[in-house]
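Naming: A, B, ... by sequence-line order, numbering from 1 per chain. The structure displayed is predicted, hence computed values, not measured ones.
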Amino acid sequence: MKKIEEYGTPFQREVWEALRWIPQGFVTTYGAIAQYLGRPRAVRAVGTAVGRNPYAPEVPCHRVVRADGKVGNYSGGEGVATKIALLEKEGVEIREGRVVDFAKRLYRFDDQQVTRSEGS
DNA sequence: CCAATGACTAATC
DNA sequence: CGATTAGCCATTG
């Protein structure tokens, strides 16, 4: 693993490290990361920080999508096309630029990625 | 320090 | 659902 600790601002490092908690096959939103970092309103800053991730796609910045379920943007490889390719390769289905079953694929940093099938 | 910027979000039209 | 507007925040010049 690379040493994130040596690059970027403290805030950016927090964001990049947060990306590591996102399980393969799941996605999260910029807002979720912002909340996880204790800065629920810093969604833009989070987006900028994620976009500047120098370790993509090693650090799963491609697992971050928009709050409405759309894929959003991507700066690596072929852009959004690469982002979608990576996600589908991990088992996240994408249709018309949106994540299929977004609610079920969303990782909230709260608990584990339990797919909980209609609990009681 | 101020002004501009951006892989965002929510509300309106 | 696409286009616009306004809000918010860390980073950068």
- Task: First locate atom CG of A:L87, then atom CZ of A:R105, and finally report the distance between them rounded to the nearest 0.5 Å.
- Result: 10.5 Å
- Message: Output the rounded distance in Å from CZ (A:R95) to P (C:dC1).
- Response: 16 Å
- Message: What is the distance, to the nearest angstrom, from the CG atom on A:N53 to the P atom on C:dA10?
- Response: 19 Å
- Task: Can you measure from NE2 (A:H62) to CG (A:N53) and round to the nearest 0.5 angstrom?
- Result: 10.5 Å
- Round to the nearest Å and state the distance from A:L19 atom CG to B:dA7 atom C1'. 11 Å
- Find the distance A:L106:CG to B:dT9:C1' and express it as a whole number of Å. 15 Å
- Message: Counting the atoms with a prime plus P, OP1 and OP2 as sugar-phosphate, which does A:A45 contact under 4.0 Å by heavy atoms, base, sugar-phosphate, or nothing?
- Response: base
- Which whole-number value in Å describes the distance from A:L37 CG to B:dC8 C1'? 14 Å
- Note on the structure: Regarding the side chain of A:K83, the nearest nucleotide among B:dA10, C:dA10, B:dA7 is B:dA7
- Taking atom C1' of B:dA10 as reference, at what distance in whole Å does atom OH of A:Y30 sit? 17 Å
- What are the two closest heavy atoms between A:Y107 and A:A32, and how far apart are they? O-CB, 4.5 Å
- Note on the structure: Of C:dC9, B:dA10, C:dC1, the nucleotide closest to the side chain of A:R41 is C:dC9
- Task: Please name the pair of heavy atoms, one in A:G51 and one in A:S75, separated by the smallest distance, quoted to 0.1 Å.
- Result: O-OG, 4.2 Å
- Query: Starting at CZ of A:R52 and ending at C1' of C:dC9, how long is that distance when rounded to a whole Å?
  - Reply: 14 Å
- For A:V46 and for A:V43, locate the closest nucleotide of DNA chain C by heavy-atom distance; then report the residue assigned to the nucleotide nearer the 5' terminus. A:V43
- Message: Would you say A:K70 places a side-chain N or O within less than 4.0 Å of OP1 or OP2 belonging to C:dG2?
- Response: yes
- May I ask you to say what A:F11 touches in the nucleic acid, namely base, sugar-phosphate or nothing, with a heavy-atom cut-off under 4.0 Å? sugar-phosphate
- Task: Compare the minimum distances between each of B:dA7, C:dG7, C:dC1 and the side chain of A:C61, then state the nucleotide with the smallest one.
- Result: B:dA7
- Query: Quick one: A:Q12 CD to B:dG6 P, roughly how many Å, whole number?
  - Reply: 15 Å
- Item | Closest to the A:R66 side chain, choosing from C:dG2, B:dT9, C:dG7 | B:dT9
- Item | Side-chain-base donor-acceptor pair under 3.5 Å for A:T48 and C:dA10 | no
- With a 3.5 Å cut-off and just heavy-atom distances, do the side chain of A:R44 and the base of C:dC8 make a donor-acceptor pair? yes
- Query: A:D101: what forms a side chain to side chain contact (heavy atoms under 4.5 Å, CB included) with it, not counting sequence neighbours?
  - Reply: A:K104
